Every structure is written in structure tokens, then in C-alpha cells.
Amino acid sequence: MSKLILSIALIIGTSILSSCHKMESSQPKVESIDTRGDLGDNAEEQPAEQPPAEEPPVEVPPAEEPPIEEPKVIKEFAYPDCNELNKLWRTRYHSKLKVNWPLKSFACVGPSKDRVFAEAAYILEHTVFRKHSLPAGVKLPPADMLSFVTDKYRELRIGPNQYPSTDVDNKIVYFYANIENENGFAAVGNLIHEARHADGLIYLHIPCWDGPYKGQHMCDIGLSDSFYEGGTHRVATLYLAWGVAASNWPKEWKDASRDLVKYVITNRINATAATRQAWIKKYLLTEW
């Protein structure tokens, strides 16, 4: 496993591959998971029949969401230069992300949480998805992915823990201090995941049916092709899966996302083996 894939597993995985519970104090109840093993098919095969589980309610998508316009030529994703990203941070992203620390320009090199979140916002806003020849049943991502995420929570803070967490009651998303040494791609999956938790207690994790976390509250129920259905694992992994199947992301990002999403689907989603494999085949094995 490459160092990048391991890095993404440890960074994004701290949220996508961790359990996030309602906070009863200033310290969120979150179980950290050691994700340093291989991102392979290590889950136990689940039985054909599984106990029934209640499906979370379907979120109603906007009635008149504008269509996603696909440019004639799709260029590979790239960040703008540091000055332009700084300008976006000062004029839009600091406010849009609802961060609770003071606004200031960030340095172009060295640790910077401001730069990391500016990059994450830029990814959400400027990733281009191909929308032609989509597989049957696939539904387009929200046209404004940045607003889709940030509308879910009230405030973004840096917390005391070594992993992301969410105060569900107060709709506050917490990141860890070391995020300043990472990058926007490492942060974006966590941000989507935690924002979904802020939608309400219905999106807390439930006991896993099988695999290495069997019986632990670390899983979501089922898989979906819609960003408006299901819990945190489902929504965050669906975004990364779209990145693999139909985005302008660089190959390095796609490769890292493919392995991570496969791991999450295999180990953190309650579904039959056949359902898991069909979903993996649709999103991860071929580009649309």
C-alpha cells in the first residue's frame, strides 16, 4: 500500500472509519479506529439473512436545483495559485465554512489550517463530474456541493481530540489541531462525513452486522446512489466514489479514494455481500 493511500486512510479514515456519537460534554464520545492495516477485503463474509434495521429517512432534495453543466473540455483538477486561494479564503471560504477562528491570510508554505480548509472548499466547489453515459439508477451530485455540506452545520472549530467529531445537538463540527499539517484532499471526506452527522441523531452509526467491527456502533445501513439518502459513511463514500468514477481528479487521488471506499463499503456498511460487490463494481472498477 502506497504512503499516500495509507495517509488518506489515516486522515479521512479517522472520521469515515470511526464512530461519531452525540456529545454529552465538551469532549465528544468518539471511538478511534486503528486503520494502519491493509485496505483490502479483510471483512468476514456475512450470512445471507441479516436482522432488520431501520432505514434513516430520505432527505428531500431541492425542488429546483439547477443542473450541473459539463464543460466541453474537462481539465484535470488543480488548485489556484496561493494568492488566488488566499483571496477566496478572505472573501468567501472563511465565512462559507463557518469557522470560529479569526480571518487572516495564510502563508503559502508551512503548517496552515486556513490553507487546508481553503483547499477543501475549493475541491467541493470546483470538482467537475462527467454526467454523460451514467449507469442506471445513478443520481447526480448536488449542483452546489459546497453549500450542500456547509448548510448542514452551524460552526466549524478545532477541538481537543486527535480525530474529527460532531456535537450533534449544537451542530458544531470539530477537527483536530494537526489538520494544519495536512491538505484539503485529506480534509474533504471528513468534512462531508461530519456535516452529515450534524443533520441529526438519526445519522449516528449503528452496530455492524459482520466483519472486524461486528457489534460495534460503527456502521451505516445500506447503500444508495443518492446524496440525499443515508448516513455519514454513505454520503462521504458516495462523494469519493464519484471522484473515482467520473471526476477530473488526478490519478493519485482516485487511486487513494478507490481503496479507501472499498474498505469502508466492505467493513462499515451493513449490506449483503452481493449488494456491496454490485456497488463497488458500479463505482470503483470502471470509469464512466
Side-chain angles (χ1 to χ4, degrees), residues 7-8 10-12 14-16 20 23 25-28 30 62 66 77-128 141-200 227 232 235-236 239-240 243 248-250 253:
S7 173
I8 298 303
L10 290 171
I11 296 166
I12 301 179
T14 52
S15 178
I16 295 181
C20 180
M23 284 200 282
S25 67
S26 61
Q27 297 286 339
V30 183
F77 179 92
Y79 294 124
D81 64 43
C82 184
N83 289 333
E84 178 62 24
L85 194 60
N86 249 305
K87 180 179 178 181
L88 288 168
W89 177 250
R90 294 192 307 269
T91 59
R92 293 185 54 238
Y93 292 162
H94 181 274
S95 174
K96 187 71 173 178
L97 289 171
K98 306 173 185 176
V99 301
N100 79 324
W101 56 87
L103 172 63
K104 63 180 181 179
S105 296
F106 51 78
C108 297
V109 295
S112 173
K113 64 180 181 293
D114 293 23
R115 188 177 66 249
V116 169
F117 284 109
E119 291 176 351
Y122 193 86
I123 291 171
L124 289 171
E125 190 168 59
H126 291 277
T127 291
V128 177
D144 183 352
M145 194 70 196
L146 179 58
S147 292
F148 173 78
V149 173
T150 61
D151 286 350
K152 296 179 179 299
Y153 62 87
R154 185 174 62 83
E155 192 171 72
L156 174 62
R157 300 180 181 179
I158 300 300
N161 296 314
Q162 300 303 310
Y163 41 78
S165 58
T166 299
D167 177 347
V168 179
D169 286 342
N170 295 303
K171 294 185 177 295
I172 299 173
V173 170
Y174 290 89
F175 267 73
Y176 42 95
N178 195 52
I179 191 67
E180 67 180 12
N181 294 307
E182 297 170 3
N183 58 61
F185 179 58
V188 71
N190 281 334
L191 186 59
I192 295 170
H193 181 110
E194 297 304 331
R196 186 53 158 174
H197 273 307
D199 269 336
F227 283 84
T232 60
V235 176
Y239 179 77
L240 295 178
N248 63 334
W249 287 357
W253 290 12

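Note that these values count all heavy atoms, side chains included, but never hydrogens, waters or copies made by symmetry. Note that the coordinates shown come from a computational prediction; the quantities given were computed from them, not determined experimentally.
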Partners meeting salt bridge (Lys or Arg N to Asp or Glu O under 4.0 Å) with Arg154 (sequence neighbours left out): none
Atom pair CD1/OG1 of Ile192 and Thr150 - distance to nearest 0.5 Å: 11.5 Å
Taking every non-hydrogen atom, the tightest pair across Ala236 and Gly189: CB-O, 3.9 Å
Trp89 and Leu103: CA distance, side-chain angles, deciding distance, side chain to side chain contact (heavy atoms under 4.5 Å, CB included) verdict: CA-CA 8 Å; Trp89 177 250; Leu103 172 63; 4.0 Å; yes
N-O pairing of Glu125 and Lys96 below 4.0 Å: no
Flag, side chain of Arg90 to backbone of Ser105, donor-acceptor distance under 3.5 Å: no
Smallest separation among heavy atoms of Glu119 and Leu85, with atom names: CG-CD2, 3.7 Å
Distance (rounded to the nearest 0.5 Å) between Leu146 CG and Leu97 CG: 6.0 Å
Lys87 NZ: over 12 foreign heavy atoms closer than 6.0 Å: no
Distance (rounded to the nearest 0.5 Å) between Trp253 CH2 and Ile123 CD1: 3.5 Å
Gap between atom CD1 of Ile179 and atom OG of Ser112 - 0.5 Å precision: 11.0 Å
Val149 side chain near Tyr239 side chain, heavy-atom distance below 4.5 Å: no
Main-chain N/O of Ala198 paired with Lys152 side-chain donor or acceptor, under 3.5 Å: no
Side-chain heavy atoms of Val235 within contact of Phe148, under 4.5 Å: yes
Student check: side-chain heavy atoms of Thr127 and Met145 closer than 4.5 Å: no
Under the ring-ring contact (aromatic ring centres under 6.0 Å, His included) test, residues paired with Phe117 that sit two or more places apart: Trp101, Phe175
Contacts of type salt bridge (Lys or Arg N to Asp or Glu O under 4.0 Å), residue Glu84, not counting sequence neighbours: none
Exercise: identify the closest heavy-atom pair between Arg115 and Gly110: NH2-O, 2.6 Å
Test item: Val116 and Phe106 side chains (from C-beta on) under 4.5 Å apart, heavy atoms: no
Approximate separation, where rounding is to 0.5 Å, of Glu194 CD and Tyr163 OH: 11.0 Å
Aromatic centroids of Tyr122 and Phe77 separated by under 6.0 Å: yes
Check: Pro164 and Tyr174 side chains under 4.5 Å, non-hydrogen atoms: no
Interatomic distance, Leu88 atom CG to Asn83 atom CG [nearest 0.5 angstrom]: 11.0 Å
Sole candidate of Val168, Leu191, Ile172, Asn170 that passes side chain to side chain contact (heavy atoms under 4.5 Å, CB included) when paired with Tyr153: Leu191
